[in-house]
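Worksheet: one structure, shown below.
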Amino acid sequence: MRKSFVSFLFGSGVSMALAFTPPAIADTPGTVPTSASPTQGPDMGISGVGTGLSQFYTTTGKIFVSVDAAGSNDASHSVEVEKPNGAAKVLKAFLLAASHPWEYPYGTHIIGDGDVTLGGKPVSWRAGYLNPFPGFSYSWHSVLADVTAIVRPVVNAAGAGRVPFKITEVNTASVDGEILVVVFKDAAQPRKQTISLQFGGLKPTGDYFLISLSKPINPQNPKVLSDMGLGISYSYQATGDQYSIVDVNGQRLSTSSGGYDDGAAVNGGLMTVGGLDDSNANPADPYQLPPNMETYDDELYSLLPFMKKGDTEVRVSTRNPSGDDNVFFAYLLLHGEAEVNKDTDGDALLDDWEKNGYDADGDGVVDVDLPAMGANYRHKDIFVEVDWMSDASHSHKPTPKAIKDVVNAFRNAPVSNPDGKRGITLHVDTGKLGGGNSVAHDPDLKPVWTEFDAIKNANFDPKRARIFHYCVFGHNYESTTSSGLSRGIPASDFLVTLGSWDNGVGTRKQQAGTFMHELGHNLGLRHGGNDHVNYKPNFLSIMSYFFQMDWLRYKNKDGKLDYSRFSLHQLDEDDLNESRGLDVRGGNDKAIRNYGTRYFDPAGTQRVVNQSRRRVDWDRDGNPRERSVSVDLNNDGGLTVLTGQSNEWKNIVFNGGSIGAGEELPKLNNLVFPELTLEEYEEMKSTSTILD
């Protein structure tokens, strides 16, 4: 049985580039190669995100923050962690990295899981952004990972002082380096501090990001600290004609940002961040160009000169005149209890928006009345606007029951909230919240995102972009029978396309399952939990093609619409213990006692099991008690280890795409990754058997 696996290339370790005749001469580091052509190379439609910085972590308390970066083309290089004292404990640790497009063969280089190791351990990325290179079809690829599990045991066991971590890179000449950020809980600190970490990519041609403060600070207080550090890749100043400009609240902060003082003067080592051993003293002359010194400006700044008493918002604008600096990270460190972009329930919708409404254009008038729509700043909310195609013969408008199925699944999610109630409130606007309407029928969206954008631009209020995901229930795209498509992982746009399915619009279960599946990609979820390996028996989620259309096997029938809520043990296809079946990590198998599963037997036939927690006859020899059998359970042509440890509800990314406090993100459109097709589904269904 042939299966078409979907790869979004983020986290897959796959690099794509267009090969052509190599340049005859060496090119200057940090600049566009003289032999590069703006028409060469693919426009990489990966991750669906690009411009803007969004907050991914903030905390307030007695904390200490260590930030360091390193880059080189050596076999390895090191970053350091500053531990303030022996009693300080690691609260969180994050690693960031960025690639560049100008290592032959030219083209966007994707940094995959395992391409970078920290302390000898491979790093899996939590998020990835593409920032388009001006005038070319290439992009920087920047990635972010939570590396607390790697850093915490090493640093907590160390004494006060610097703790080094060795970093290695696959394709080191295409990766400019890494930034390591470590936040400590430190009772010895004299006062509370607030840290805000931002990630994404600012357009070199001019861009900005906002930092909102729930409580203003007084910059006139001599004891107050308000520092900002910028992380920039592909940054180079040795010739004095490449630099980034930084303005804060409309005033010039620096005209000489963006050196390679944490890296090396080679493509693949051009990394800098304001951090260890840097000073927060601002350039004496904010209009001074860099005097051919990569260390003239160290990217660590004090924001106090640019703030007034009572300010609750900081606007940071950047521009790189030569078009080749990638500002992909920023952090703000404040003395005091000011809360940055306060989001009590963690749903990426700021408290101020959920309490008072969202003013998109800053004119003092609420543009999106979130309280009236039922938002609650103490309970997680997700908003989706749905438009649908229709003509005289049929309508793709989802049935109310299908939408209710998904709403109920989110309501019953095992997710905690500050109000003490569990679940997520999913608001689906099909016409009752100021949006959602019928659009002209198009039998085939091609090119898919170009035509999608035409529909969106005509029907979706851009003032809603930070609040609402946008979905179109359409017919087909790219001449396929694919059931749907997400703009990326994570993202804020998606499609449901069931025009080739039952009745030309899909059944209630197909509509609900596909809507929740594609929304899941918008929320950062993958086909295999922590990877894109599909058809895993030990991944009980609507994100698996096994369960997208017919839902999870529960109480002897296909009837449960859900993301994975269990961390299951891995299945080694070359060493399967049939007596254990599916095994919950931690030993509480009662949690899955009502769940069945699906798998492929040695003949490639799909099997459906009603009871999966023990005694599953994987090899179909009539003896379900064998302790070591070999079966290709997901029918991918090999015997591999299928990971299963994923509680997806705990891993939802709420600020995908343009959602939340980041900037509106551009769409990268040309690559298409078809999802589950009708042909694949029918082939799978034609060989299924229910077992006891």
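One-based numbering along the sequence shown.
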Output yes when [X] and [Y] qualify as a salt bridge under the 4.0 Å nitrogen-oxygen rule, no when they do not.
{"X": "Asp367", "Y": "Arg464", "result": "no"}
{"X": "Arg526", "Y": "Asp113", "result": "yes"}
{"X": "Asp493", "Y": "Arg487", "result": "yes"}
{"X": "Asp419", "Y": "Lys380", "result": "no"}
{"X": "Asp345", "Y": "Arg378", "result": "no"}
{"X": "Asp550", "Y": "Lys557", "result": "no"}

Kindly state whether the ring of [X] and the ring of [Y] have centres lying under 6.0 angstrom apart.
{"X": "Tyr470", "Y": "Phe452", "answer": "yes"}
{"X": "Phe566", "Y": "Trp649", "answer": "no"}
{"X": "Tyr599", "Y": "Tyr535", "answer": "no"}
{"X": "Tyr358", "Y": "Trp353", "answer": "yes"}
{"X": "His527", "Y": "Tyr545", "answer": "yes"}
{"X": "Tyr129", "Y": "Trp140", "answer": "no"}

**Report entry** Any donor-acceptor pair under 3.5 Å from Thr605 side chain to Asp601 backbone
**Finding:**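 Not at all, since once roles are kept as given, no pair shorter than 3.5 Å links the two residues.
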Report task. Would you check if the side chain of Tyr563 reaches a backbone N or O of Ile542 as a donor-acceptor pair within less than 3.5 Å? Result ->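 Between the backbone of Ile542 and the side chain of Tyr563 there is no qualifying donor-acceptor contact (under 3.5 Å).
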Rounded to the nearest 0.5 Å, what separation is found between the [atom1] atom of [X] and the [atom2] atom of [Y]?
{"X": "His475", "Y": "Ser500", "atom1": "NE2", "atom2": "OG", "value": "5.5 Å"}
{"X": "Asn534", "Y": "Asn634", "atom1": "CG", "atom2": "CG", "value": "8.5 Å"}
{"X": "Asp502", "Y": "Lys509", "atom1": "CG", "atom2": "NZ", "value": "12.0 Å"}
{"X": "Glu385", "Y": "Phe468", "atom1": "CD", "atom2": "CZ", "value": "6.5 Å"}

Does [X] [atom1] have over 12 foreign heavy atoms under 6.0 Å away?
{"X": "Lys560", "atom1": "NZ", "value": "yes"}
{"X": "Arg565", "atom1": "CZ", "value": "yes"}
{"X": "Arg580", "atom1": "CZ", "value": "no"}

Query raised in the report: Under 4.5 Å between any side-chain heavy atoms of His441 and His394, yes or no?
Result: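 In short, these two side chains touch, coming nearer than 4.5 Å.
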Query raised in the report: In a check of side chain to side chain donor-acceptor pair (under 3.5 Å) between Ser483 and each of Gln548, Glu680, Glu675, which one passes?
Result: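 The passing option is Gln548.
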